[in-house]
Each structure stands twice: as structure tokens, then as C-alpha cells.
Amino acid sequence: MNEELKRILVDELKLEEAALRPEISLENAGFDSLTIVELSMSLFERFGLAISEEDLQSAASVGEIDRMVEQRRNNG
């Protein structure tokens, strides 16, 4: 997992680092609707990435969010 994304999830959003394995569902990792909104805002502030709450919620796992962020960063 991208270390910058992990720092956002752990330091800013207060998710448990041990639960942030790629195969874990968002619900099991501790995501809720507020976490999704905060993550969307943090990604925009930190990286300039506009990823909607709907796109983030559609992710099936933590790893899918990681891939989504990396893909958007690489395609700029």
C-alpha cells in the first residue's frame, strides 16, 4: 500500500493500521460514510485528486482504493 495513503488512513482518519490489508473490505477496515468523505477531501488536499465519495464507496477492498489512488495519480 502507498505509504502516503496509509498515513492519511492511520494518522488523519484514525483507522487501525493492522486492518489496512489489501484484501480487507472497507467495512471491516473501519470505514464508514464520514471516513469516506474525509478521505475524499484529504486526497484532494494532499494530491489534488478529485475522487468522489461514490467512487471510494464502490471499492470492494482497501487494496482497490490503493489502486484507484495510484491509477489517478499516474494518469494525472
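All values reported here derive from a predicted model rather than from experimental measurement.
- The two residues Ala29 and Leu20 have their closest heavy-atom pair at CB-CD2, 4.3 Å.
- Between the CD atom in Gln57 and the CG atom in Leu39 there is a gap of 11.0 Å [rounded to 0.5 Å].
- The two residues Glu64 and Ser58 have their closest heavy-atom pair at OE2-O, 3.9 Å.
- In summary, the side chains of Thr35 and Asp32 do present a donor paired with an acceptor at a separation below 3.5 Å, with no hydrogens or angles considered.
- Other residues, nucleotides and ligands contribute only 12 or fewer heavy atoms inside 6.0 Å of the CD atom of Glu16.
- To the nearest 0.5 Å, atoms CG (Leu43) and CD (Glu4) are separated by 10.5 Å.
- A pairwise comparison of heavy atoms in Glu53 and Ile36 identifies O-CG2, 3.6 Å as the closest pair.
- The only member of Ile65, Leu9, Val69 that meets side chain to side chain contact (heavy atoms under 4.5 Å, CB included) when paired with Met1 is Leu9.
- The CG atom of Leu56 sits 6.0 Å away from the CE atom of Met68 when rounded to the nearest 0.5 Å.
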_Derivation of the side-chain contact (heavy atoms from CB on, under 4.5 Å) call for Arg67 and Glu70_ = CA-CA 5 Å; Arg67 286 188 296 277; Glu70 285 303 307; 5.8 Å; no
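- In terms of modelled atom types and a separation under 3.5 Å, the side chain of Asn28 and the main chain of Ala19 share no donor-acceptor contact.
- Here the CD1-CZ distance, from Ile51 to Arg72, works out to 5.0 Å after rounding to the nearest 0.5 Å.
- Separating the CG atom in Leu15 from the CD1 atom in Ile24 is a distance of 12.5 Å, to the nearest 0.5 Å.
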*side-chain contact (heavy atoms from CB on, under 4.5 Å) evaluation trace for Asn74 with Gln71*: CA-CA 5 Å; Asn74 292 333; Gln71 181 179 38; over 6 Å; no
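- Between the CZ atom of Arg46 and the CD1 atom of Ile8 there is a distance of 4.0 Å, given to the nearest 0.5 Å.
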